[in-house]
Number of protein chains: 2
Amino acid sequence: MAIFSKTCEYAIRAVFYIAHKSSLGSKVGIKDIAAGIDSPELYLAKILQDLSRKGLIKSAKGPNGGFYIDEAARARPLSDLVEAVDGNGLFYGCALGLKQCSEINPCPLHNQFKAIRDQIYLLLHQTTLGEFNQELLKGLLSLKK
Amino acid sequence: MAIFSKTCEYAIRAVFYIAHKSSLGSKVGIKDIAAGIDSPELYLAKILQDLSRKGLIKSAKGPNGGFYIDEAARARPLSDLVEAVDGNGLFYGCALGLKQCSEINPCPLHNQFKAIRDQIYLLLHQTTLGEFNQELLKGLLSLKK
DNA sequence: TAATTAAAAGATATTCTTGTCCTTTTCTGG
DNA sequence: CCAGAAAAGGACAAGAATATCTTTTAATTA
């Protein structure tokens, strides 16, 4: 198991890619993005359509169209994106899948995992969608393979 | 997304349940376990067969048979179980699914998630399969719903 | 040894995720 | 207004995860 679903992995990589390109003032087409993050183009298209509907990214049809993220949206926390795609199970769900797990009716791992869930949430909440634009520009970070 | 697969959730809950019963000196049948942890009986049977083949639990056929875990195995780390079911992606995999992600070719989240992966591994490695026997006996912890 | 019990094994069904294909809509530039 | 570009949308396909059913094997005990 991975932390995120494959869909979410593609979504995060794509949004980082779009944020980076958008910070340079240009829109990006689906082909460009798919190549830039090594993902199946048509599947990624579905994911981005969904993110667009949910308002996490913007899109424009027609010539010179493509996907982009405005400055305000680039300041949004990564947790918004993860939650939109994978839900909030990572932040709030019981590690053992128990619906009724809580402080007063804890599963064996409840307390230990609370710390981990909190840390994951904090990390994703602190990180913004545009956080890595500089490093991506300089080629210091990878979004491929 | 949850941290563990459904299969792994069932596996952990079942193993905690078996460890607890085994510490009282009795074997447990699949029906008993499935009822004790609220899981689909026949699916759980498959999971336990697999764990048995992998040596994480023991089983005995015939009357008075069932599943059990000996004292030595009750001291094994939970990480062994998780790894047997879900693999080691949680401990070592890249959060964004990149095969080549590493210190020298990091994805944007590489460093942040290293801390989280380490913490998860540490937690699962410190916790033993028999860790919660006392609390389960006293009814202080839940494995159901 | 026969009957019973319980796990093992194999086959199949269902559901969800991931991935592809084809058509439609919308926008832009000439 | 027309042709082309690009995303949106709907339908479908493949694969993996989850779940069930049936038969077989092994052990116990009467």
Side-chain angles (χ1 to χ4, degrees), chain A residues 1-15 17-18 21-22 26-69 84-87 89 96-97, chain B residues 1-15 17-18 21-22 26-69 84-87 89 96-97:
Chain A
M1 280 281 286
I3 292 264
F4 302 121
S5 69
K6 224 156 188 3
T7 302
C8 194
E9 291 176 356
Y10 291 147
I12 297 173
R13 281 151 61 195
V15 165
Y17 188 84
I18 298 168
K21 294 288 187 174
S22 289
S26 53
K27 295 180 192 124
V28 231
I30 185 69
K31 271 188 214 309
D32 185 345
I33 304 169
I37 70 167
D38 248 320
S39 77
E41 182 185 325
L42 294 167
Y43 186 54
L44 183 62
K46 290 298 178 199
I47 299 171
L48 295 187
Q49 274 168 39
D50 183 52
L51 295 182
S52 177
R53 254 183 266 116
K54 288 176 176 161
L56 278 151
I57 62 178
K58 297 269 174 68
S59 71
K61 288 182 176 182
N64 302 315
F67 296 92
Y68 62 101
I69 304 183
V85 178
D86 276 352
L96 300 186
Chain B
M1 279 281 289
I3 292 264
F4 303 121
S5 69
K6 226 155 186 3
T7 302
C8 195
E9 291 175 357
Y10 292 147
I12 296 173
R13 280 151 59 196
V15 164
Y17 188 84
I18 298 168
K21 294 288 186 174
S22 290
S26 54
K27 294 179 191 124
V28 230
I30 185 68
K31 271 189 214 307
D32 185 346
I33 304 169
I37 71 167
D38 248 320
S39 77
E41 181 185 324
L42 295 166
Y43 186 56
L44 183 63
K46 289 298 178 197
I47 299 172
L48 296 187
Q49 274 168 37
D50 183 52
L51 295 182
S52 177
R53 252 182 267 116
K54 288 176 176 160
L56 278 151
I57 62 179
K58 297 269 174 68
S59 72
K61 287 183 177 182
N64 302 316
F67 295 92
Y68 62 101
I69 305 182
V85 178
D86 277 351
L96 300 186

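Just so we're on the same page: letters track the sequence lines, and every chain starts at 1.
Between C:dT4 and B:N64, no contact under 4.0 Å exists linking OP1 or OP2 to a side-chain N or O. Between B:Y43 and D:dT18 there is a side-chain N or O to OP1 or OP2 distance below 4.0 Å. Distances shown here put a side-chain N or O of A:Y10 below 4.0 Å from the OP1 or OP2 atom of C:dG19. Side-chain nitrogen and oxygen atoms of A:S59 include none within less than 4.0 Å of the OP1 or OP2 phosphate oxygen of D:dA6.
Counting any heavy atom pair closer than 4.0 Å across all strands shown, A:I30 reaches sugar-phosphate atoms only and no base atom. Residue-level contact check: B:V28 touches the backbone only, with heavy atoms under 4.0 Å from sugar-phosphate atoms and none from bases.
The interatomic distance linking B:D32 (CG) with C:dA7 (C1') rounds to 15 Å, in whole Å. As rounded to whole Å, 16 Å separates atom P of C:dC16 from atom CE of B:M1. Between the CG atom of A:L42 and the P atom of D:dA13 there is a distance of 16 Å, rounded to whole Å. Atom CD of B:Q49 and atom C1' of C:dG10 are 10 Å apart (whole Å). At whole-Å resolution of the value, CD1 in B:I33 and P in C:dA8 are 10 Å apart. The nearest whole Å value for the distance from the NZ atom in A:K58 to the P atom in D:dA8 is 13 Å. As rounded to whole Å, 10 Å separates atom P of C:dA7 from atom CG of B:L44. Distance B:K27 NZ to D:dA27 P: 12 Å, rounded to the nearest Å.
Judged by atom type and distance alone, A:K46 does not reach the base of C:dG19 through any side-chain donor-acceptor pair under 3.5 Å. In terms of polar N and O atoms assigned as donor or acceptor, the side chain of A:K6 never comes within less than 3.5 Å of the base of C:dG19 in a complementary pairing. Side-chain atoms of A:K61 and base atoms of C:dT25 include a donor and an acceptor less than 3.5 Å apart.
Open room surrounds NZ on B:K31; 12 or fewer heavy atoms of other groups in view lie less than 6.0 Å from it.
Between A:S22 and A:I69 the shortest heavy-atom distance is OG-N, 2.9 Å. Between B:E9 and B:A2, the shortest heavy-atom distance links the atoms OE2-CB, 3.8 Å. Contact record, A:Y68 with A:I18: CA-CG2, 3.6 Å, taken as the closest heavy-atom pair.
Both A:A60 and B:P40 sit near DNA chain D, but only A:A60 has its closest nucleotide nearer the 5' end. Comparing A:P63 and A:C8 along DNA chain C, the residue whose closest nucleotide (by nearest heavy atom) sits nearer the 5' end is A:C8.
B:K46 has no carboxylate O lying under 4.0 Å from a charged side-chain N of B:D50, or vice versa, which leaves the two without a salt bridge.
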